[in-house]
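Right, one structure below, let's go through it.
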Amino acid sequence: MNIHLPNFNVKNLVKEAGSTISRVVQLTEEKLGTTERTEYDLHFQNLAERADVTKTWTEKIVRDTESVLIPNPQNRVEDFIFEKIEKSKPKRLSNLEHLALDMIEAGGDFGQDLPYGQALIKAGQAEQKLGQCEHDFIATSGICFTQPLRKFLDGEMKTIGKERGILESKRLDLDACKTRVKKARSMLGQQSAERDLRVAQAEFDRQSEITKLLLDGISTSQASHLRHLHAFIQTQVRYYKQCGDVMEQLQRELAKMQHPKPRLRINSEDVDGGPPSSVSMHSCDSDSLVGLALDSDPDPDLDKSLTNLLDDFHIEFDTTAVSTVIFVTECSPVNEDYMYGKQGLMKGLVPRAFVEMLDEEHDITL
């Protein structure tokens with residue numbers, strides 16, 4: 001049996017191992033302050049610190065924005081995996097779309113001809129529109145904001161990190177050469193060490209300039225990020241406006257739907273109840289209280305018809321109001337659903353649900 005072993009270069013392995021050990025010793029001595037360390041200039045340190053801050057906050061902003069766009073962490077992980085394997089993301093329904101489907105299905109089961117069923121179907125259709133607006137918002141936000149920022153992190157910031165790592169390696173080489181020059185005893189050994197020091201210094205300076213140029217470019221990148229931020233805010237404004245338009249349209253449609261009228265029992269007969277002020281009412285001899293009966297149709301002559309109703313109150317009438325001031329009192333025996341009401345020559349039973357009691361010690365404003 002022939003076994004093919006990998007072709008290892010023992011000399012290279014020993015050399016790399018020795019270099020690694022030397023690095024560890026050198027870093028340890030630097031931390032202990034027992035060896036010389038070349039410090040970066042102040043301008044470079046400021047640029048490096050700014051780069052670290054930019055990287056940290058950009059990562060947080062991207063992560064938080066993606067959490068807002070896709071609250072479900074499992075979906076975000078799934079999308080990330082599909083991006084890495086370069087396949088299209090699966091089409092999934094949002095929570096709004098699930099709600100929409102359930103509302104529409106429930107409305108069909110409850111009855112499309114009944115008010116509640118009709119309202120559920122219309123609400124479900126509105127939720128579907130909101131779901132589509134949400135899909136568009138997520139897609140547009142990704143294109144105009146999160147994807148450019150992530151590209152910056154995966155591209156420019158990784159390049160900067162790589163070049164900074166090379167620069168740090170060059171610095172360690174330079175410091176090692178400085179140490180060898182100090183330890184050189186023979187003239188021949190000292191000349192060789194000084195030559196290595198000059199080479200190491202030149203490589204360090206060249207790498208330092210390369211890294212500084214990349215760090216300076218962060219200012220240009222942030223100007224680009226500002227444009228992306230404006231685009232994201234505009235996308236949010238458009239999205240919320242679309243949602244508001246959908247909900248306002250739904251409100252108008254629901255308001256136009258015919259609501260069932262309450263049935264009132266007047267003179268032992270069931271009649272369709274309109275506004276409390278429009279029914280024929282029974283007489284009542286008990287002390288009266290002031291109540292506010294809700295009216296669906298404002299009466300332009302309301303101020304004229306009620307001017308003489310209350311002599312003990314100062315009343316300011318609004319001809320556009322949708323309510324009417326009447327006298328109400330408890331039935332005898334007390335009825336949980338109705339009270340006695342009186343307005344001018346009209347007297348009768350008034351549903352409690354339509355009455356709001358007013359404070360007699362204050363002015364009544366309709």
**Verdict with supporting geometry, Val62 and Phe145, side chain to side chain contact (heavy atoms under 4.5 Å, CB included)** = CA-CA 8 Å; Val62 171; Phe145 189 61; over 6 Å; no

**Request:** Can you tell me which residue pairs pass the side chain to side chain donor-acceptor pair (under 3.5 Å) test with a partner in residues 233-242, sequence neighbours excluded?
**Result:** Lys241-Asp245

Nearest-0.5 Å distance that lies between atom [atom1] in [X] and atom [atom2] in [Y]:
{"X": "Thr54", "Y": "Glu49", "atom1": "OG1", "atom2": "CD", "answer": "10.5 Å"}
{"X": "Asp154", "Y": "Thr159", "atom1": "CG", "atom2": "OG1", "answer": "10.5 Å"}
{"X": "Asp175", "Y": "Glu39", "atom1": "CG", "atom2": "CD", "answer": "9.0 Å"}
{"X": "Thr211", "Y": "Arg164", "atom1": "OG1", "atom2": "CZ", "answer": "8.5 Å"}
{"X": "Glu330", "Y": "Met339", "atom1": "CD", "atom2": "CE", "answer": "4.0 Å"}
{"X": "Leu93", "Y": "Leu101", "atom1": "CG", "atom2": "CG", "answer": "6.0 Å"}

Answer with yes or no whether the hydrophobic clustering places [X] together with [Y]; edges join I, L, V, M, F, W, Y residues whose side-chain heavy atoms lie under 4.5 Å apart.
{"X": "Ile121", "Y": "Leu250", "value": "no"}
{"X": "Ile218", "Y": "Val53", "value": "no"}
{"X": "Leu172", "Y": "Val199", "value": "no"}
{"X": "Val246", "Y": "Met257", "value": "yes"}
{"X": "Tyr116", "Y": "Leu254", "value": "no"}

For [X], enumerate each residue passing the side-chain hydrogen bond (donor to acceptor under 3.5 Å, both in side chains) test, keeping only those at least two apart in sequence or located in another chain.
{"X": "Asp136", "value": "Gln132"}
{"X": "Asp205", "value": "Gln201"}
{"X": "Glu253", "value": "Gln249"}

**Carboxylate-amine/guanidinium contact Asp41 Lys212, below 4.0 Å** =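 Looking at Lys212 together with Asp41, the answer is yes, because their closest N to O distance falls below 4.0 Å.
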
**Asked** Salt bridge between Glu203 and Arg171, side-chain N to carboxylate O under 4.0 Å?
**Response** no

Above 12 or not: heavy atoms from other molecules or residues under 6.0 Å from [atom1] of [X]?
{"X": "Glu194", "atom1": "CD", "result": "yes"}
{"X": "Asp52", "atom1": "CG", "result": "yes"}
{"X": "Lys129", "atom1": "NZ", "result": "no"}

[X] versus [Y], closest heavy-atom pair with distance:
{"X": "Gly124", "Y": "Ala100", "answer": "O-CB, 3.1 Å"}
{"X": "Gly142", "Y": "Pro148", "answer": "O-CD, 3.8 Å"}
{"X": "Leu215", "Y": "Ala48", "answer": "CD1-N, 3.9 Å"}

**Asked** With sequence neighbours left out, what residues match Glu97 under salt bridge (Lys or Arg N to Asp or Glu O under 4.0 Å)?
**Response** none

**Message:** Tell me every residue that passes salt bridge (Lys or Arg N to Asp or Glu O under 4.0 Å) with Asp113, counting only those two or more places apart in sequence or in another chain.
**Reply:** none

Is there a donor in the side chain of [X] and an acceptor in the side chain of [Y], or the other way round, less than 3.5 Å apart?
{"X": "Lys178", "Y": "Thr38", "value": "yes"}
{"X": "His228", "Y": "Ser224", "value": "yes"}
{"X": "Gln118", "Y": "Gln112", "value": "no"}
{"X": "Gln222", "Y": "Arg50", "value": "yes"}

**Message:** Among Lys158, Lys60, Met157, exactly one meets side-chain contact (heavy atoms from CB on, under 4.5 Å) together with Lys55. Which residue is that?
**Reply:** Met157

Kindly indicate whether the side chain of [X], heavy atoms from C-beta on, has any atom under 4.5 Å from the side chain of [Y].
{"X": "Val350", "Y": "Tyr338", "result": "no"}
{"X": "Met247", "Y": "Leu130", "result": "yes"}
{"X": "Leu47", "Y": "Tyr40", "result": "no"}
{"X": "Gln128", "Y": "Ile104", "result": "yes"}
{"X": "Phe232", "Y": "Thr146", "result": "no"}

**Request:** Test Gln207 against every option in Lys170, Glu168, Glu163 by the side-chain hydrogen bond (donor to acceptor under 3.5 Å, both in side chains) rule and name the one that passes.
**Result:** Glu163

**Item:** Criterion side chain to side chain contact (heavy atoms under 4.5 Å, CB included) on His43 and Asp216, from CA distance to verdict
**Value:** CA-CA 10 Å; His43 177 59; Asp216 280 330; 4.2 Å; yes

**Request:** Verify side chain to side chain contact (heavy atoms under 4.5 Å, CB included) between Phe204 and Leu167, making sure each step is shown before the conclusion.
**Result:** CA-CA 7 Å; Phe204 172 79; Leu167 178 62; 3.7 Å; yes

**Message:** For a salt bridge (charged side-chain N to carboxylate O under 4.0 Å, His left out) check, start with the C-alpha distance between Arg150 and Glu66, then their side-chain angles and the critical distance, and finish with the verdict.
**Reply:** CA-CA 11 Å; Arg150 188 168 291 283; Glu66 291 176 343; 3.2 Å; yes

**Request:** Could you walk me through whether Cys331 and Leu349 pass side chain to side chain contact (heavy atoms under 4.5 Å, CB included), step by step?
**Result:** CA-CA 9 Å; Cys331 298; Leu349 295 175; 4.0 Å; yes

